[in-house]
Amino acid sequence: MPAMALLSGAIETLINQVLSFDPDSQQRLEKLNHACLSVFIEGVPNGITLHFADKVEVSIENDAFEALEQNLAAQHCCIKTQLAVLPELKETSQLTRLIQQKKLYLEGDINVAQQASALFKELDIDWEEQLAKYTGDVFAHQAFSTAHRLFDSLTEFATKGQRIAANAVVEEKELAAHKLAVLHFCDEVSDLRNDVERFEVRLAQLESHIS
Amino acid sequence: MSDHQSVDKTLPAQGQQTTTDFGYKQVDKSSKASMVAGVFDSVAAKYDVMNDVMSMGVHRLWKRYTVDCAAVRKGQHVLDLAGGTGDLAAKFSRRVGPTGSVTLADINLSMLKVGRDKLRDQGLIQNLEYVQADAEALPFADNTFDLVTMAFGLRNVTEKQNALNSIFRVLKPGGRLLVLEFSKPTLEPVSKIYDWYSFHVLPKMGELVANDSESYQYLAESIRMHPDQETLKEMFEKAGFENCDYQNLTSGIVALHRGYKF
Ligand SMILES: C[S@@+](CC[C@H](N)C(=O)[O-])C[C@H]1O[C@@H](n2cnc3c(N)ncnc32)[C@H](O)[C@@H]1O
């Protein structure tokens, strides 16, 4: 129980901190105009409710989805879904499809779900600027260019590594077949399939002649 | 800020006790309120800082848990009694929205002013009202609120049963009361450490941070004099509350009592 309070407190702090990094999020928050969104994940005992005001309040729901959906106030939207589906909710155009596929149960005001989704999806955070607040511009700039360079080198290294590993497996260690050999093999299999089909037809013709 | 200071306290009936506890001291009932007022006048400015320091931030979790248990909905009317610097009121204000209302009531003007300034600084204005009031004689009509909360306030009240009766009156049928208050630890080792902390560390911290060890000595003593979990539950029932229960938090250092008016 206070463990749940700790969890909701941590989620609340995280959400508000992230929103505070994007000055435009306040405007999107205002659009939500004191709405609230309850989210239930299948298999998780408690849902959480996000109350959108000047900041976001997060509370743990003691009621189940089925109880809550019975008496929803205006501007309250209640959704139930699976953990794996959560990232798909960012695409508001997908909501109807998910509902049809029974991957999402939604009760109440769908606009709330769409605006809440936009609140997070449209986040535009200048992380370098955020770091600069604590470390100064020069350090933040250097840290970010180093990080970019490091990221580029790592990506290059990973791509190269993949190529080298593929070569090693195919050419040197001969653990796997070469791409061309695989294609050739596929062609041969398909020729054989055709031969077999032709043979089956002729066999059937011969049978009908005899009888 | 409305000023509804209570005036209808009756004189004690013959044979009724005329003294009450103020920490470990016995004082005249008529003087407890002003002595409590003295304590909170003196701690008001440093109250929030001291709460964080003394409880190592855990009071925030206890309060958050209380607000979650309240499960208020948009448009409801909430009374945060003995609300002090408004931690609970701020959370309720965001949750009930502009169609609901939150009344922050406290007997002490200094605490109420600190609370009002804090909430205004957070931009919370539209659905909040501030009322100076005594919990024993609430200046509200019968059946006004969907929810009343009282966090760490009840043990300071002179006649706790009067306060519970008064709260019952102002609650709407179907409404509920949540009282968050220090209680009796359920585990012996916790109790020992807690006693040592309260009587040796707390007053010293009070001295150091708020330059006021006496108020924090009172805090520790008043906690020990407060009714335990079961006694408080019985007091709820005596006031007319139904479906009463309580939940121990942090091994009973604090308990959250809940009762409904049907
Ligand atoms: C320890 S503070 C709690 C403040 C706040 N609820 C919190 O949890 O931070 C206790 C409050 O109870 C108030 N109080 C004491 N006696 C009271 C009474 N009879 N009626 C209303 N409030 C009272 C005090 O003025 C003080 O603000």
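For clarity, every value in this text was computed on a predicted model and none was experimentally measured.
- Chain A forms more heavy-atom pairs under 4.5 Å with one residue of Pro98(B), Gly75(B), Ala71(B) than with any other, namely Pro98(B).
- With a threshold of 4.5 angstrom between heavy atoms, Gln126(B) approaches chain A through side-chain atoms but not through N, CA, C or O.
- Between Phe145(B) and Phe140(B), the ring-plane angle classifies as perpendicular under the 30° and 60° cut-offs.
- Contact tally against chain A (heavy-atom pairs below 4.5 Å) for Gln122(B), Lys74(B), Arg95(B): the top residue is Arg95(B).
- Using a 4.5 Å heavy-atom cutoff, the side chains of Val102(B) and Val96(B) are in contact.
- Cation-pi contact between Lys261(B) and Phe168(B): present, with separation from the ring centre below 6.0 Å and deviation from the ring axis of at most 45°.
- By the 4.0 Å N-to-carboxylate-O rule, Lys160(B) lies too far from Glu181(B) to be salt-bridged with it.
- Looking at Gln75(A), neither its backbone nor its side chain comes within 4.5 Å of chain B, counting heavy atoms on both sides.
- Considering only heavy atoms from C-beta on, Asn51(B) stays 4.5 Å or farther from Phe152(B) through its side chain.
- For residues 33-57 of chain A, heavy-atom neighbours of chain B at less than 4.5 Å comprise His34(A), Ala35(A), Cys36(A), His51(A), Ala53(A), Asp54(A), Lys55(A), Glu57(A), sorted by residue number.
- Cation-pi contact between Arg169(B) and Phe241(B): absent, since separation from the ring centre below 6.0 Å together with deviation from the ring axis within 45° is not met.
- When heavy atoms are compared at a cutoff of 4.5 Å, Lys63(B) does not approach chain A at all.
- Heavy-atom distances place the side chain of Arg73(B), and not its backbone, under 4.5 Å from chain A.
- Atom NZ of Lys184(B) is separated from atom OG of Ser251(B) by 15.0 Å, given to the nearest 0.5 angstrom.
- Ile167(B) has its side chain within reach of Leu81(B): a pair of non-hydrogen atoms, C-beta onward, lies under 4.5 Å apart.
- Partner of Asp245(B) under the side-chain hydrogen bond (donor to acceptor under 3.5 Å, both in side chains) criterion, chosen from Gln229(B), His257(B), Lys233(B), Arg258(B): Arg258(B).
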